[in-house]
Amino acid sequence: MTTTDRWTHARGPRDLGRYVRQARKHHGLSQAALADELGLTRQYVSEVESGVGNLYITRLFEMFDELGIEVRLEQRGSDDRA
């Protein structure tokens, strides 16, 4: 990721998915490898990256919008890993 790609505003599932895909690729992981690491299915990772809004994520962004909450996604530095 370039310096200008280190953060973005997420306004919905599609924005979130694009950023997850970009970060995954930056880390050199396949969808299957990421899914395996997290105990998820590759299909679920694919759906998140495609911006498929499940009920939970859709409602969450509706709450953010209603309450005037801005979501900013930012790539942590390698020394910030939790």
Would V71 end up clustered with M63 when hydrophobic side chains under 4.5 Å apart are linked, directly or stepwise? yes
Return the minimal non-hydrogen interatomic distance between A10 and L73, and the atom names on each side. CB-CD1, 3.8 Å
Taking N54's backbone N and O only, do any of them form a donor-acceptor pair with T58's side chain (distance below 3.5 Å, no angle check)? yes
Can a donor-acceptor pair be found, under 3.5 Å and without considering hydrogens, that links the side chain of Y19 to the backbone of Q75? yes
Just how far is it from atom CZ of R18 to atom OG of S50, taken to the nearest 0.5 Å? 11.0 Å
Once you round to the nearest 0.5 Å, how far does CZ of R42 lie from CD of E47? 9.0 Å
Who passes ring-ring contact (aromatic ring centres under 6.0 Å, His included) against Y44, sequence neighbours left out? none
Please list, chain by chain and in numerical order, all residues satisfying side chain to side chain contact (heavy atoms under 4.5 Å, CB included) with E66, sequence neighbours excluded. none
Under a 3.5 Å distance rule, please check whether D15 uses its side chain to pair with a backbone N or O of R11 as donor and acceptor. yes
From E49 atom CD to L34 atom CG, the distance as rounded to the nearest 0.5 Å: 7.5 Å
Cluster overlap F61 with Y56, hydrophobic side-chain contacts below 4.5 Å: yes
Between CG of L29 and CG of D36, what distance do you get to the nearest 0.5 Å? 10.5 Å
Do L40 and V48 share a hydrophobic cluster, counting only Ile, Leu, Val, Met, Phe, Trp and Tyr and linking them when any side-chain heavy atoms are less than 4.5 Å apart? yes
Which pair of non-hydrogen atoms, one from L16 and one from I57, has the smallest distance, and what is that distance? CD2-CD1, 3.3 Å
